[in-house]
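Reading through the structure tokens given below for one structure.
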Amino acid sequence: MTWKATVEKWLSYPQLDAELKQQLLAMQNNEKALEDSFYKNLEFGTGGMRGEIGPGTNRMNIYTIRKASEGLARYIVEQGEEAKARGVVIAYDSRHKSPEFALEVAKTVGKHGIKVYLFKELRPTPELSFAVRHLGAFAGVVITASHNPPEYNGFKVYGQDGGQIPPAMADTLIQYVNAVEDELAVEVAEEQELLEKGLLTYIGEEIDEAYIEQLKTIQLNRELVAEMAKKLKIVFSPLHGTANKLVRKGLQAFGFENVTVVKEQEQPDPNFSTVASPNPEEHAAFELAIQYGKEIDADILMATDPDADRLGVAVKNADGEYVVLTGNQMGALMLEYLLSQKQAKGILPKNGVVLKTIVTSEIGRAIAEHYGLPTIDTLTGFKFIGEKINEFEQTKQYTFQFGYEESYGYLIGDFVRDKDAVQSAIFAAEVAAYYKSKGKTLYEGLLEIFEKYGYYKESLRSLTLKGKDGAEQIANILATFRKEPPKEVAGVEVVAIEDYLIGKRTIVATGEESTINLPRSNVLKYHLANGAWFCLRPSGTEPKAKFYFGVKGTSLEESETFLTQLENTVMELVNNIVYQHH
């Protein structure tokens, strides 16, 4: 069927949602917009799907939601009666259409006689992960597009362990979703009917309370926090998302009393109207929090993304100015505190393990090593960390201690199986209280860590290349680096190349190869003679190519200088490829 025929099919569908029909009619003279909305089906990828909201098969709307939910429902039905009875938990964030989409999931899945638990208001993604485990459900769905722009929404699937579904289950589920041929023909039950049959249960506060109880288990120094509770000044912003209530309850449960919330960003707002991007990785998202911080002389500023799985932290530097820490830096602070305190208390397990992704700073490995623990790398994406936690829970080979990725995702207690900004915010406050009790800022704590382990510094550059052309260009960048790998970068020799697509690590000088035991992924990583590295990967959720850089020097200045040289050299190579392709 051509995309034009699909447009006609939608327009002639008698029950077409009125709002979508209106939008379609308004687009009729814009062939480019129509083609983009209908030229393909919105891809159901490894974690689910994400896209712009609007009419069409390549957009997020009630029909594409029904198609994805129908695929999930058929998969669950195939797993038998027990899976149906255990059911699905559904949560949603503060975005446009999130509550409507969540209800469509419930109505589609419920139609198959599958039990559904639906949060009655918006909730953080990590709480969904917790709820799946707490309720013993078979699967979970969260309606969110994380920190994408306001015009986006998404559908993310979780397995029975509370983690994002791993690749094998994802592949099976994708087949079920793709087998749903006509998104307009999916049948749904009525909400009232599901409630009467006991197939739909609304959930809320009781899950919050159970989660807060678990949250208390990650606290390491209750006395210390009690002593610092009034002195530590915290500024918090949920950036118009889902974290407001739970983070505040968590801070309160830990004993933190001096918390100021950024009023302008406290309420859920699908347009994220006070920020250009609701992403705590973007320093601009901290502008209001920094104003608040200056007014009250705050010790720590924290911001969570809309679905509350990422946490950004800002602290005062040596000049008394607030700086936003990177995910790698905050991860190092949390990890050093966690392992040093556990060791001091004699509760650090002998078979403890730290998990991080291949693009996360090597400082984590250095810290873990100092406390006698191994660090295991996974592919980028917290689902791979969740999968490892699950594996070690079965094999008992390791006891999980900490997992993190450079993009502001951390996990301390494994009662959640995804990155958790609620846990992270409360734990970050405890780390700040610890340094404050020693008369130090978090920034001074970070400098101490650099002094102890080396001056590690990392950065990320990305190139947005949209549409079909963009996808080809991104593929071409990786193909070119594969075919003609650089021998040296910024005057330093390339000593090893890791190609995650073929699962091979090659020592350049000898050509000696070893196997990388990770799922295949279109990622390249280059290691330099001076301990620096850079990595290329296409984004899984946006039309971007991402370039990661990491260096280790003997001083901040040395690290910063070489990092800039490394970035510029690699980006010049990339731009040449893009330029030649045109």
Side-chain angles (χ1 to χ4, degrees), residues 20 36-37 40-72 88-106 108-109 118-119 122-129 132 139-159 163-165 169-170 173-174 177-178 180 183 239-243 268-272 277-279 281 304-310 380-383 386 407-409 418-419 421 466 538-544:
L20 290 172
D36 199 48
S37 300
K40 62 170 185 171
N41 287 331
L42 189 59
E43 250 162 75
F44 192 91
T46 50
M49 59 185 192
R50 195 182 286 192
E52 290 183 37
I53 301 165
T57 55
N58 190 30
R59 295 285 182 266
M60 291 289 297
N61 51 61
I62 61 170
Y63 302 109
T64 51
I65 283 281
R66 284 175 182 178
K67 177 177 170 155
S69 306
E70 177 68 15
L72 175 63
V88 180
V89 188
I90 306 164
Y92 59 90
D93 69 6
S94 58
R95 289 180 174 271
H96 289 290
K97 302 277 179 214
S98 283
E100 293 89 331
F101 289 169
L103 187 57
E104 288 301 327
V105 179
T108 309
V109 171
L118 176 59
F119 275 103
L122 76 180
R123 282 297 188 282
T125 291
E127 190 175 359
L128 181 274
S129 167
V132 169
V141 170
V142 63
I143 303 294
T144 179
S146 189
H147 54 271
N148 275 47
E151 61 272 18
Y152 283 78
N153 213 327
F155 175 104
K156 236 165 123 174
V157 185
Y158 285 74
Q164 293 178 47
I165 52 172
M169 180 178 165
L173 188 55
I174 289 165
V177 174
N178 292 341
V180 181
E183 63 285 332
L239 294 179
H240 306 296
T242 57
D269 168 10
N271 295 318
F272 311 116
S277 161
N279 184 356
E281 288 182 79
T304 49
D305 71 340
D307 70 325
D309 60 1
R310 290 168 199 248
T380 310
F382 221 89
K383 61 174 168 283
S407 54
Y408 286 57
D418 200 356
K419 50 187 182 281
K466 288 189 172 171
S539 165
T541 51
E542 298 163 284
K544 281 181 179 176

Could you list the residues that satisfy side chain to side chain donor-acceptor pair (under 3.5 Å) with [X], not counting sequence neighbours?
{"X": "E281", "value": "R310"}
{"X": "N271", "value": "H96"}
{"X": "S98", "value": "D93, N153"}

Any donor and acceptor pair, going by atom type alone, linking the side chain of [X] with main-chain N or O of [Y] inside 3.5 Å?
{"X": "R95", "Y": "P149", "answer": "yes"}
{"X": "K156", "Y": "T144", "answer": "no"}
{"X": "D309", "Y": "K419", "answer": "no"}
{"X": "S146", "Y": "N148", "answer": "no"}

Show the nearest heavy-atom pair for residues [X] and [Y], with the distance to one decimal.
{"X": "H147", "Y": "S277", "answer": "O-OG, 4.2 Å"}
{"X": "A102", "Y": "L118", "answer": "CB-CD1, 3.9 Å"}
{"X": "D36", "Y": "R59", "answer": "OD2-NH2, 2.9 Å"}
{"X": "I65", "Y": "I143", "answer": "CD1-CD1, 3.9 Å"}

Would you please name every residue forming a side-chain contact (heavy atoms from CB on, under 4.5 Å) with [X], sequence neighbours left out?
{"X": "A243", "result": "F236, P238, V247, T304, A308"}
{"X": "E43", "result": "K40"}
{"X": "T380", "result": "I358, V359, R537, Y548"}
{"X": "V132", "result": "V89, L128, A137"}

Among all residues two or more places apart in sequence or in another chain, which pass the salt bridge (Lys or Arg N to Asp or Glu O under 4.0 Å) test with [X]?
{"X": "D307", "value": "none"}
{"X": "K466", "value": "none"}
{"X": "E104", "value": "R66, K107"}
{"X": "D269", "value": "none"}

Do [X] and [Y] come within less than 4.5 Å of each other through their side chains, counting heavy atoms only?
{"X": "F272", "Y": "L239", "value": "no"}
{"X": "S407", "Y": "F382", "value": "no"}
{"X": "V157", "Y": "F44", "value": "yes"}
{"X": "E151", "Y": "I53", "value": "no"}
{"X": "V177", "Y": "K67", "value": "yes"}
{"X": "Y152", "Y": "M60", "value": "no"}
{"X": "Y63", "Y": "L20", "value": "yes"}

(request) Output the distance between atom CD1 (I90) and atom CZ (F155), rounded to the nearest 0.5 Å. (result)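 Reported value, rounded in 0.5 Å steps: 8.0 Å.
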(request) Quick one: list whatever passes ring pair (Phe, Tyr, Trp, His ring centres under 6.0 Å) with Y92, sequence neighbours left out. (result)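 Scan of Y92 (ring pair (Phe, Tyr, Trp, His ring centres under 6.0 Å), adjacent residues dropped) gives none.
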(request) Check each of P306, P99, P268 against L122 using the side chain to side chain contact (heavy atoms under 4.5 Å, CB included) test, and report the only one that passes. (result)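 By the side chain to side chain contact (heavy atoms under 4.5 Å, CB included) criterion, L122 pairs with just one of P306, P99, P268: P268.
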(request) Test Y158 against D418 for side-chain hydrogen bond (donor to acceptor under 3.5 Å, both in side chains), laying out the working first. (result) CA-CA 10 Å; Y158 285 74; D418 200 356; 2.5 Å; yes
